[in-house]
Amino acid sequence: MIRWPGAPDVQCYGGTARDYELMDATLADVPPDHLLCVVSAKFAGFRLVDTAGLGGSRRYTGGLNPEHDDRSTTYDERQAILITYGALWENRALGICPTVFHEIGHVMTHAGNGLGIAGIDAERDAELRAGAGPSRNPGALEPLCNAYMYLLCYGSADDAVRAYGSSRGDIQRDRRTRDALRRCPAFARLPAEWQARLGER
């Protein structure tokens, strides 16, 4: 998948031609530097699956960066990002799969990948962590990964995707959070072209 200048080859398995078109459209909105982190951390690529969980225990619309390997599969889940078919098609009218961005956000919180705002806007970081409730996973990093997802949406050239990525009433996708994210290493070290693309309009 993904064949445009500067982007790494990102592998995706388990889908149809239509699924792969949606994945290509989605990954086109991810900075190539971030995709390099994904390729390095997740050797098994993106796996499109019915359920995001071991033994089918998490049958919901979403994705997962697994911590355990399910021996019933032919690949190591720990080296993959699982995206459910439900997540792919939940927002198909939008033309992208926001869940993919969220799961890449988890890769970007890994040591050295530079996603974090605690040292940039500690108050907003605390507010995000306190608002972990909207996700099915109550982990403290869920709102940060949502904020990452919304910033990538905000940077899209598509008006509907950009609108999905911004909301004054949601701290995960308001300007203050976007400004803090842009200053963290994961975004501040991007080429000028990507910084302009993700900038305020």
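- If you take SG on Cys12 and CG on Leu27, they are separated by 8.0 Å, rounding to the nearest 0.5 Å.
- A donor-acceptor distance shorter than 3.5 angstrom exists from the side chain of Asp19 to the backbone of Thr16, with no hydrogens or angles considered.
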For this session: May I have the step-by-step check of side chain to side chain donor-acceptor pair (under 3.5 Å) for Trp194 and Asp33, ending in yes or no?
Result: CA-CA 10 Å; Trp194 275 91; Asp33 299 41; over 6 Å; no
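- When side chains are defined from C-beta on, Asp125 does not count as touching Ile120, because their heavy atoms never get closer than 4.5 Å.
- The shortest side-chain heavy-atom distance between Tyr20 and Leu48 falls under the 4.5 Å cut-off.
- Among residues two or more places apart in sequence or in another chain, the side-chain contact (heavy atoms from CB on, under 4.5 Å) test is passed with Arg168 by none.
- With sequence neighbours excluded, the residues that form a side-chain hydrogen bond (donor to acceptor under 3.5 Å, both in side chains) with Arg162 are Asp159.
- Checked against side-chain hydrogen bond (donor to acceptor under 3.5 Å, both in side chains), Arg197 has the following partners two or more places apart in sequence or in another chain: Asp29.
- Residues passing the side-chain contact (heavy atoms from CB on, under 4.5 Å) test with Ala186 are His34, Met108, Leu115, Cys184, sequence neighbours excluded.
- For the pair Ser40 (side chain) and Leu36 (backbone), a donor-acceptor distance under 3.5 Å is absent.
- Residues Leu128 and Asn146 are not in side-chain contact: their nearest non-hydrogen atoms beyond the backbone lie 4.5 Å or more apart.
- When all heavy atoms of Ala87 and Thr99 are compared, the pair lying nearest together is CB-OG1, 3.7 Å.
- By the side-chain contact (heavy atoms from CB on, under 4.5 Å) test, Val39 pairs with Pro8, Val10, sequence neighbours left out.
- Remark: Arg175 engages Arg178, Asp179, Glu200 in a side-chain contact (heavy atoms from CB on, under 4.5 Å) (not counting sequence neighbours).
- Contact between Leu198 and Gly155 at its shortest, heavy atoms only, is CD2-CA, 3.8 Å.
- Ring pair Phe43/Tyr75: centre-to-centre distance not below 6.0 Å.
- Minimum interatomic distance between Ala44 and Tyr13 (heavy atoms only, all atoms of both residues): O-CE1, 3.5 Å.
- Residue pairs that meet the salt bridge (charged side-chain N to carboxylate O under 4.0 Å, His left out) test with at least one member in residues 95-121, sequence neighbours left out, are Asp121-Arg176.
- Side-chain N or O atoms of Lys42 include one that pairs as donor or acceptor with a backbone N or O of Arg78 at under 3.5 Å.
- Between the Arg47 side chain and the Gly14 main chain, no donor and acceptor come within less than 3.5 Å of each other.
- Judged purely by atom type and a 3.5 angstrom limit, Arg201 uses its side chain to pair as donor or acceptor with the backbone of Tyr154.
- Considering only heavy atoms from C-beta on, Leu88 comes within 4.5 Å of Met23 through its side chain.
- Between the side chain of Tyr148 and the backbone N or O of His102, no donor-acceptor pair lies under 3.5 Å.
- When all heavy atoms are compared, the tightest approach of Phe187 to Leu181 is CD1-O, 3.3 Å.
- Under the 4.5 Å side-chain criterion, counting only non-hydrogen atoms from C-beta, Tyr150 is not in contact with Phe101.
- Closest approach of Ile96 and Ala25 over heavy atoms only: CG2-O, 4.0 Å.
- Criterion: ILVMFWY side-chain heavy atoms under 4.5 Å apart, direct or through other members. Under it, Trp89 and Phe46 are part of a common hydrophobic cluster.
- Between the side chain of Gln195 and the backbone N or O of Ala188 there is at least one donor-acceptor pair closer than 3.5 Å.
- Nearest heavy atom pair, residue Arg189 against residue Gly112, reads NH2-O, 3.4 Å.
- Annotation: side-chain hydrogen bond (donor to acceptor under 3.5 Å, both in side chains) contacts of Asn113 (sequence neighbours excluded): none.
- Between atom CD1 of residue Ile104 and atom OG1 of residue Thr26 there is a gap of 9.0 Å, rounded to the nearest 0.5 Å.
- The side-chain hydrogen bond (donor to acceptor under 3.5 Å, both in side chains) test applied to Thr177 returns Arg124, Asp174, not counting sequence neighbours.
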Problem set entry | Check against side-chain contact (heavy atoms from CB on, under 4.5 Å), Val30 and Leu152 | CA-CA 7 Å; Val30 181; Leu152 293 189; 4.0 Å; yes
